[in-house]
Asker: 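There's a structure below that I have some questions on.
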Number of protein chains: 2
Amino acid sequence: MNSNERRPTIEAVAARAGVGRGTVSRVINGSPKVSARAREAVEAAIQELGYVPNRAARSLVTSRTDAIALVIPEPESRLLAEPYFADIIRGVSAELSANAGAVDLQLLLILVRTEEERKRLTNFLTARRVDGVLLAAVHDRDPLPDLMEKLDMPTVLGGRRSDRERLSHVQPDNAGGAEAATTHLLERGRRHIATITGPREMEASRSRLRGYQRALAAYGTAVDDASPLVAEADFTEEGGRAAMAELLARQPGLDAVFAASDVMAAGALAALRAAGRRVPEDVAVVGFDDSMIARHTTPPLSSVRQPIEEMGREMVRLLLDEIEERGRSHRRVVLATELVARESS
Amino acid sequence: MNSNERRPTIEAVAARAGVGRGTVSRVINGSPKVSARAREAVEAAIQELGYVPNRAARSLVTSRTDAIALVIPEPESRLLAEPYFADIIRGVSAELSANAGAVDLQLLLILVRTEEERKRLTNFLTARRVDGVLLAAVHDRDPLPDLMEKLDMPTVLGGRRSDRERLSHVQPDNAGGAEAATTHLLERGRRHIATITGPREMEASRSRLRGYQRALAAYGTAVDDASPLVAEADFTEEGGRAAMAELLARQPGLDAVFAASDVMAAGALAALRAAGRRVPEDVAVVGFDDSMIARHTTPPLSSVRQPIEEMGREMVRLLLDEIEERGRSHRRVVLATELVARESS
DNA sequence: CGAGATAGTGGGAGCGCTCCCATACGGCAG
DNA sequence: CTGCCGTATGGGAGCGCTCCCACTATCTCG
């Protein structure tokens, strides 16, 4: 077991089992064309020798890598320092090992921060060092999805760039969640409901805004994108604070806010406190994500829960399908969200 | 660039550059024994052909994988759903790409939940599918570190099993941080200071308890492990709540608590609120980690910050050293912590 | 001016595996 | 008994790379 000793090869197993290389290979790869006797002999030999196949050698001839990459663009990974990130990973990892059959896929984690790193990633993908790619949190202007298409490499996106997205993707029901949150506020008797959106160049932000608008429209109130009730922020706490302050300045009479993320909602809470507004008495607040901080704000934050871990799992399922049977039409999956009401509304 | 076209090999580059295979290989691997003329020709050919070396082939002959694994035992990954997890990864990834030279190491992420997965990991490591391993958050009874020793594989631990740890490891100054927190409470005039520890089978928990005791000893108060001022919890919010309730029952006169994690401190805050104690007027609270939730509790939590991202970076540095020059003595690194005072103390 | 060192180079061997073709071995129908 | 088919099997070829040895060209020094 020492690193100096050479590990046993398939040849050694064959010799020990008294069969040929081909037969051992067949046993390892679960081919049916092996007699019971041979199979047992081989399995015993593998056991005795502690044989483990050399992946590099296999990879060289099959040109499969038995690995997939989870790519996370850095601006996101900061925003998503909350459980989002960890939950996606947990879901991906769980589903990957649930599907582990003869060969189990390894998970490569790639954070992309700098231009330099992006170039390296491009190289890496061009070299086909993985069998497929999971792309978390795509931006509209992200060049990576296009690269994946050009390389014709199995890919699944977390989120999408627009509703015409051609690549397979998985996303929460952003519009539905936002609509539910806004409807909830309406049902509580609020009538002057503002919203803090995420960056408009993200489809998720736009969808959530759309849901908010849809709920209001159903109550007979049309709110366009340029309405003074709509403020854009960048998914950060500070951004949420600033947006809330601006909303209060523009619309002193507002009695509720739907923020497109919990972090921004936390910022909004701070701004409301600074302005002397009570939550929820004066202004009700609902966030999005149902992240850990939602339970720790004062008051605890009502929020739209998205099934993040399940998104990770689903992404893996789609990717495995795509790796298995190439050329299939791409698929899109939308997962339901759920409003969790707490004391802020 | 289509996946059907065969990618160019080193042979193709050699032909195009009008040199031999060996020379191309030398250029790629940065060998100095290449004439400038040859080097230029090869680089041009690589450029023109879009050549990217096949890692599997290289790996097969060098028996290096150019990958390292970051292994996270699952019970942890749940506890560490806070930024901890994400920060470690960010640090690891950053340092890895900072060190990317001719070959850049890939990062494999492996979560270990079940026995099944542990077995698979053992197989994986035995097969030497990675050049080194980063083991986050080790338990005293974790069998993995022993396996790594037996396999003689480069390994760096996040944390350690005891102060006699033989493997390289990186950890925050747990005792120092705890001591600073406790001293801080003493300086604020508190005299009946309790502590909520993590599970005692973790060295980090023990170290923090030690730091707490040391600070009190310096003020002339001896507090042994079985003192009614010491309660053990499991790093969860609920555990913190229960421990705080118990402490209040045992020592109604306490005027401060040092909790060995922010999450437990958050639980303690809830228990104190339930018991009608004001924070910080009646009871001051200090946590550990300075995680995101510390800034969102009511009141905001004083906490001991540990440089988590830096820990990740340092782990990679140690690991790269160990991979480079095998057989070197192992190293240990302790990173300083810093008390961040907020309104809870 | 010859011997020996030095720098660059080409290409054979071989890493451990899968693929696939040739072969062996048993039936079983004619 | 011969011919034929289906099922298992052994092992050659070759995946793309690095290692290393043999070789050439150039330089250095007594």
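Below, read A as the first sequence line, B as the second, and so on, with proteins coming before strands; counting in each chain starts at 1. Note that the structure is predicted; figures quoted are calculated from it, not measured.
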Asker: Can Arg160(B) and Glu165(B) be counted as an ion pair, charged N to O under 4.0 angstrom?
Answerer: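 No.
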
Asker: Ser93(B): what forms a side chain to side chain donor-acceptor pair (under 3.5 Å) with it, not counting sequence neighbours?
Answerer: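 Per chain and number, Ser93(B) pairs via side chain to side chain donor-acceptor pair (under 3.5 Å) with Arg113(A).
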
Asker: With sequence neighbours left out, which residue pairs that include part of residues 35-52 of chain B fulfil the salt bridge (Lys or Arg N to Asp or Glu O under 4.0 Å) condition?
Answerer: Arg16(B)-Glu48(B)

Asker: Could you tell me which residues satisfy side chain to side chain donor-acceptor pair (under 3.5 Å) with Glu314(A), sequence neighbours excluded, listed by chain and number?
Answerer: Arg317(A)

Asker: Looking just at side-chain N and O atoms, do Glu203(A) and Ser162(A) make a donor-acceptor pair shorter than 3.5 Å?
Answerer: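 Judged by distance alone, the side chains do not pair up.
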
Asker: Please identify each residue that fulfils side chain to side chain donor-acceptor pair (under 3.5 Å) with Arg166(A), with sequence neighbours left out.
Answerer: Glu149(A)

Asker: Let me confirm one number: the CG-CG distance from Leu111(A) to Leu107(B), rounded to the nearest 0.5 Å.
Answerer: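 Reported value, rounded in 0.5 Å steps: 8.0 Å.
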
Asker: Using atom names, set out every protein N or O paired with an N or O of nucleotides 11-20 of chain C below 3.5 Å, distance rounded to 0.1 Å.
Answerer:
residue : atom : partner  : partner atom : Å
dG12(C) : N7   : Arg21(B) : NH2          : 3.0
dG12(C) : O6   : Arg21(B) : NH2          : 2.6
dA13(C) : N6   : Arg21(B) : NH2          : 2.9
dG16(C) : OP1  : Arg6(A)  : NE           : 3.4
dC17(C) : OP1  : Tyr51(A) : OH           : 2.5
dC17(C) : OP1  : Asn54(A) : N            : 3.0
dC17(C) : OP2  : Ile10(A) : N            : 2.4
dT18(C) : OP1  : Asn29(A) : ND2          : 3.1
dT18(C) : OP1  : Arg58(A) : NE           : 3.0
dT18(C) : OP1  : Arg58(A) : NH2          : 3.3
dT18(C) : OP2  : Ser25(A) : OG           : 2.8
dT18(C) : O4   : Arg21(A) : NE           : 3.3
dT18(C) : O4   : Arg21(A) : NH2          : 3.1
dC20(C) : N4   : Arg26(A) : NH2          : 3.4

Asker: Identify the two heavy atoms, one from Leu105(A) and one from Arg64(A), that lie closest to each other, and give their separation to 0.1 Å.
Answerer: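 Leu105(A) and Arg64(A) have their closest heavy atoms at CD2-NH2, 4.3 Å.
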
Asker: Whenever both distances are under 3.5 Å in a Watson-Crick or G-U wobble pair, mark it; put DNA chain C into dot-bracket that way, with [ ] for crossing pairs and | when the partner is on another strand.
Answerer: ||||||||||||||||||||||||||||||

Asker: With a 4.0 Å cut-off on heavy atoms, is Ala14(B) in touch with a base, just the backbone sugar-phosphate, or nothing at all?
Answerer: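 Nothing, no nucleic acid heavy atom in range.
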
Asker: Expressed in angstrom and rounded to an integer, what is the separation of Lys33(A) atom NZ from dT9(D) atom P?
Answerer: 11 Å

Asker: Without decimals, in angstroms, what is the distance between Arg37(B) CZ and dT9(C) P?
Answerer: 8 Å

